[in-house]
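For reference, the structure discussed in these notes is given below.
Letters A, B, ... are given to chains in the order of the sequence lines, protein chains preceding strands, and every chain is numbered from 1. Just the heavy atoms: all of them, side chains too, but no hydrogens, waters or symmetry mates, feed the values below. Note that this is a predicted model, so its numbers are computed, not measured.
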Amino acid sequence: MTASPEIQNRIQKLRDKLEHANYRYHVLDDPALTDIEFDRCLKELSQLEADYPGMQSPDSPTNKVGGAVAKEFASIEHMQAMLSLDNVFSADDLSSFVDRVRSRIEDDPSLEGKLAELDFVAEPKLDGVAVNILYRDGIFECAATRGDGSSGEDISQNVKTIGAVPLKLKGKLKGKLKDKSGPIPEFIEVRGEVFISHAGFAMLNAMQISQGEKPFVNPRNSAAGSLRQLDSSITAARPLDIYFYGVGAHSDDFNFESHEELLNRFQDFGLRVSPLVKRVTGLSGLLKYYEILMKQRPNLEYDIDGVVYKINSLSQQRSLGYVARAPRWAIAHKFPAQEERTQVLDIDVQVGRTGAITPVARLEPVFVGGVTVSNVTLHNRDEIERLGVRVGDQVIVRRAGDVIPQIVKVVVREPETESKSYEFPKSCPDCDSPLHFDDELVVVRCTGGLVCSAQQKERIKHFASRRAMDIEGLGDKVVEQLLAANKVTDVADLFDLKVEQLEGLERFAEKSATNLINSIADSRETSFARFLYALGIMHVGEVTARQLAVEFSSITDVQIASLERLTAIDDVGPVVAQSICEFFAVAANIDVITRLEKAGIHWPAVERSADNSSPNSDFMDEVVVVTGALSSMTRSEAQHRLRELGAKVTGSVSSNTTRVIVGDAPGSKARKAEALGIQILSETEFLEWIDSKKG
DNA sequence: CTACCTCGAGCTCA
DNA sequence: CTCGAGGTAG
């Protein structure tokens, strides 16, 4: 059934009305419709859209109620990477930041030399979840989590349900431009922080409890959890909120001179910006803002963990540029970490896969910084000594910088523990082998090697891990059981396991057993690099393993390589080379490798680039960057191909880069390559290039 | 380091 | 229903 002009008109009216009501309610905090009226309109619109499917539209307010159920979260590549921010915790560090920024700007000949004071924009640093939303022609296209910075999970369906997220930017498209708010860009990535207010959190938990569900521990985690919901109607019922604070990639038709102007444009677009954002001047301005926010913090209706300062002028931002993972023109000034007092119940040591002994304090669980802390690493002997911590002590625990908790100091010592100071074990808690103490090195190691089941367990877990052999279903508990039941003693034994041997283990019936046996069998097809990494040679991580796989053609080659030969490899120094030689000098290691080979572990021979005489040596001098989305393969596949061919693949464009492969929607890397005059290849050119050299 | 979501599978009880 | 594994976020 096609909609008559009257119906079309009605639908448009309803949409405009609802959209405006949303904006008034969520962005301006000034409702224009009663809830009843809003619901009535929404219902009418839903009905009309259901009756006239041809009239459905991605930016209709009916899309905000959720309902779409995803099967999984796809991965979305950000057009421009989402970086993190550098942190400072003190006025001193902040002052150095300001000095650094100032001198860099004053040294830049393209900017005016004088500079009375630096202009910043300061804003609260919300404790939530960062998201990237892409609008194309003003229409919400997709939203993604931050992920690893370059790509994240597609949570579009969930983000759409957030009241304050417009499905359509306010303003006119280019060409239809009449008002002063400026045209809506062809595309723009906007970054915001999704969070749940205190009131929302209380409401949500009341709801959870009334439904017999577990309450959430803190607003941040409930916001994060809400966004990872496959059923978006659940997300829609969560009181999620958002403030926008930054921009990613955007079309050329979007220009701004300062951060302040950017945020003003955001507001014109109907994107919510924190009302606490303020322009401030110089170090004193920053510090004053910090003090004010610190005082306001208890009264705010949401959690913040600091404030963020950004250089206001875009030309100054450009001049400052970026370091590895963060802009030089912005910094987070964190509030002091939260601290709580609790008791040390015990001090255990953990044995790592290389035998490294790490002491861990078991604590009386304490709620600090939004989570319950019951374990905290003490790192090493020196740390225990420095703190002077003993079992039974009352200590201050701090959760700093968002993550790893630490013991700050001992505050009370019970009289009865006064006498028994902590004694670092002399032998391995697992295998009782003597520990090796080296005054030079901080780490203490268990000398048990292959007889130590704690080491064995970690080695097997490492072997099975995703980045190594990728054996699914071989987790902590299972490995523990296998070792305890003597079903395996080393990684080679895994391949001799039979279904019948597994049945009878806890939580292992036929299905789990065959699944595990199958995934072990499947793992035999791997790559040389993964295999080398899986062996767990000390100091040989993923990157080094990859280097070795390129350099050598077989395990035997690595085994017989001299120290000199190894040291000659990129990134391999004397320590790593020594460690590799030692590994292959142990007969038991060779035995395991032999048995693994016998079990049928194999990898494609093409993996390794040719030696220098092959035509592929053409690639040896290439330093290549791949950016943007490719259509015929993923970016990591492309990078993998290049590495196989012998090229060096890096993540960022520098003057050493020889070529840049540019896929769809490239970010700043393509521009940088252009600026540096580096050869740029399209996907087609890239494929031709590697084909032509294949010999 | 902790909290959260999702999935498959086993266990338990009706 | 509960558990373990696997993954994500900060």
Can you list every pair that meets salt bridge (charged side-chain N to carboxylate O under 4.0 Å, His left out) and has a residue in residues 501-514 of chain A, with sequence neighbours left out?
-> none
Using a 4.0 Å heavy-atom cut-off across all strands, classify A/Gly152 as base, sugar-phosphate, or nothing.
-> nothing
Integer-rounded Å distance: B/dC1 P and A/Leu378 CG = 10 Å
A/Cys452: what forms a side-chain contact (heavy atoms from CB on, under 4.5 Å) with it, not counting sequence neighbours?
-> A/Val351, A/Cys428, A/Asp430, A/Cys431, A/Cys446, A/Ala454, A/Gln455
Roughly how many Å is it from CD1 in A/Ile404 to P in C/dA9, rounded to a whole number?
-> 17 Å
Using distance only, find each side-chain donor-acceptor pair of residues 236-249 of chain A under 3.5 Å and give its atom names and separation, not counting sequence neighbours.
| from | atom 1 | to | atom 2 | distance (Å) |
| --- | --- | --- | --- | --- |
| A/Arg238 | NH1 | A/Ser226 | OG | 2.9 |
| A/Asp241 | OD1 | A/Arg272 | NH1 | 2.7 |
| A/Tyr243 | OH | A/Arg272 | NH2 | 3.4 |

Lys/Arg-Asp/Glu bridge criterion (N-O < 4.0 Å) met for A/Glu340, A/Arg399 | no
So does A/Ser512 get a side-chain nitrogen or oxygen closer than 4.0 Å to the phosphate oxygens (OP1/OP2) of B/dG8?
-> no
Which parts of residues 362-373 of chain A get close to DNA chain B, meaning a heavy atom less than 4.0 angstrom away?
-> A/Val371, A/Thr372, A/Val373
Partners passing salt bridge (charged side-chain N to carboxylate O under 4.0 Å, His left out) against A/Arg398 (at least two apart in sequence or in another chain) = A/Glu339
Please list, by residue number, the residues of residues 201-233 of chain A whose heavy atoms come closer than 4.0 Å to an atom of DNA chain C; answer none if no residue qualifies.
-> A/Arg220, A/Arg228
Centres of the A/His333 and A/Phe97 rings: under 6.0 Å?
-> no
For A/Leu505 and C/dA5, what is the distance between atoms CG and C1' respectively, to the nearest whole Å?
-> 16 Å
Between atom NZ in A/Lys511 and atom C1' in B/dC11, what is the gap in whole Å?
-> 18 Å
Does a side-chain N or O from A/Ser374 land closer than 4.0 Å to OP1 or OP2 of B/dT2, or not?
-> yes
Give me the residues of residues 469-493 of chain A where at least one heavy atom lies under 4.0 Å from an atom of DNA chain B, by number, or none.
-> none
Atom pair distance, as rounded to whole Å: CG in A/Leu502 and C1' in C/dG4 | 15 Å
All side-chain contact (heavy atoms from CB on, under 4.5 Å) counterparts of A/Glu385, not counting sequence neighbours = none
Between A/Ala509 and A/Pro405, which has a closest nucleotide on DNA chain B that is more 5'?
-> A/Pro405
Between A/Val376 and A/Glu506, name the one whose nearest nucleotide on DNA chain B is closer to the 5' end.
-> A/Val376
Rounded to the nearest Å, what distance is computed from the CG atom of residue A/Asp154 to the P atom of nucleotide B/dC5?
-> 19 Å
Among pairs that include at least one residue of residues 206-216 of chain A, which meet salt bridge (charged side-chain N to carboxylate O under 4.0 Å, His left out), considering only residues two or more places apart or in two chains?
-> none
Sequence-distant partners of A/Arg328, salt bridge (charged side-chain N to carboxylate O under 4.0 Å, His left out), two or more places apart | none
What pairs meet the salt bridge (charged side-chain N to carboxylate O under 4.0 Å, His left out) rule with one or both residues in residues 193-206 of chain A, with sequence neighbours excluded?
-> none
Show which side-chain atoms of residues 369-378 of chain A pair as donor or acceptor with protein atoms under 3.5 Å away, not counting sequence neighbours.
| from | atom 1 | to | atom 2 | distance (Å) |
| --- | --- | --- | --- | --- |
| A/Asn375 | OD1 | A/Arg362 | NH1 | 2.8 |
| A/Thr377 | OG1 | A/His379 | N | 3.0 |

